[in-house]
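Only heavy atoms go into these numbers, but all of them, side chains included; no hydrogens, no water, no symmetry mates. Below, chains carry the letters A, B, ... as their sequence lines are ordered, and counting in each starts from 1. Values in this document were obtained by computation on a predicted structure and should not be read as measured data.
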2 protein chains.
Amino acid sequence: MNESQAIDALAALAHQTRLQIIRHLVVKGQNGDSAGEIGSAVDASPSKITFHISALERAGLVGSERVSRQIIYRIHFQQLGALLNYLVEDCCANHQELRGCCNVETDNCRSSGSDK
Amino acid sequence: MNESQAIDALAALAHQTRLQIIRHLVVKGQNGDSAGEIGSAVDASPSKITFHISALERAGLVGSERVSRQIIYRIHFQQLGALLNYLVEDCCANHQELRGCCNVETDNCRSSGSDK
DNA sequence: TTCATATTACAATAATACTTGAAATATCAT
DNA sequence: ATGATATTTCAAGTATTATTGTAATATGAA
């Protein structure tokens, strides 16, 4: 992931409705969920759902597949993970103090305990 | 960190200039750096720097302190770490597959290897 | 006090993002 | 074909965010 992709992903996550969609799709896992069901779950109108889920899809955070009349959306854990890696490693240069401030670790430097 | 704080932090990070500022301040560490020096480092005008660094400060990602004529800004690793924790634990419910897709781990569930 | 430096605040504009409702498309069932 | 369902597309309006240049404030030095 490069800087531009990271900015797109961060902007996509920086909205209540979209964060709710992500949360919902995380729970649904590999089964995913249809646009309509997602809309009911997060209490958003059809066009609102299309608007926000398109932003998530453009950022690579979710994928879609048409199944009969419905379109099924699934979370892309890989892209979410890539964003976390980018923030810790590329953006924050694997800084020791960041790992000291949260319970997130990387391959390059693993702390022993955590102060969550 | 709650959802609203996470959205503010994500929105603050979702901009090229602000991401550059973060990167710069990570390198500067506890010494921090003045508004003017930050401006030179990221090639942004004074008022641009004030605008963007204010957004980062509102989101709690940086702190400030006046020292004589300058204002010194420092990164808040704690808030950055809190955001990472929020994404992994609250938003993504510590989902196994997220940890499988990146080299980020949490206290609650630590994977053995990584597929970075 | 006067001047130079460092930074912020403000106002005007431009650019993006969001919301809403109506119309269009795609698929399936009859 | 016709009608019903699921979703997207579009257009209009509103709101938010970003940029630019200028003015104001705060501090220190002469």
Under 3.5 Å, N/O pairs linking protein and nucleotides 15-22 of chain C:
from: dC18(C); atom 1: OP1; to: R18(A); atom 2: NH1; distance (Å): 3.4
from: dC18(C); atom 1: OP1; to: R18(A); atom 2: NH2; distance (Å): 3.1
from: dC18(C); atom 1: OP2; to: R18(A); atom 2: NH1; distance (Å): 3.1
from: dT19(C); atom 1: OP2; to: H52(A); atom 2: NE2; distance (Å): 2.6
from: dG21(C); atom 1: O6; to: S47(A); atom 2: OG; distance (Å): 3.4

Checklist entry - Does one hydrophobic cluster hold both I72(B) and V42(B), with members joined at side-chain heavy-atom distances below 4.5 Å? => result no
Next on the checklist: Show the nearest heavy-atom pair for residues R74(B) and L25(B), with the distance to one decimal.
Outcome noted: C-CD1, 4.4 Å
Checklist entry - Would you say the side-chain atoms of R18(A) pair up with the backbone N or O of L13(A), donor to acceptor, closer than 3.5 Å? => result no
Checklist entry - Going from CD1 on I7(A) to NE2 on H15(B), what distance comes out if it is rounded to the nearest 0.5 angstrom? => result 8.0 Å
Item to check | Any side-chain donor near an acceptor of the partner, E37(B) and Q70(B), under 3.5 Å | outcome: no
Next on the checklist: Please report the interatomic distance CD1(I53(A)) to CD1(I22(A)), rounded to the nearest 0.5 Å.
Outcome noted: 8.5 Å
Item to check | Contacts of E3(B) that satisfy salt bridge (Lys or Arg N to Asp or Glu O under 4.0 Å) - sequence neighbours left out | outcome: R23(A)
Next on the checklist: Using the salt bridge (Lys or Arg N to Asp or Glu O under 4.0 Å) criterion, which residues pair with R58(A)? Sequence neighbours excluded.
Outcome noted: none
Checklist entry - Roughly how far, to the nearest 0.5 Å, is the CD1 atom of I49(A) from the OG1 atom of T17(A)? => result 7.0 Å
Checklist entry - Which parts of residues 60-76 of chain B get close to DNA chain C, meaning a heavy atom less than 4.0 angstrom away? => result R69(B), Q70(B), I71(B), Y73(B)
Item to check | Partners meeting salt bridge (Lys or Arg N to Asp or Glu O under 4.0 Å) with R66(A) (sequence neighbours left out) | outcome: none
Next on the checklist: With a strict under 4.0 Å distance from non-hydrogen atoms of chain A, what nucleotide opens and what nucleotide closes the contacted stretch of DNA chain D, reading 5' to 3'?
Outcome noted: dA4(D) to dT9(D)
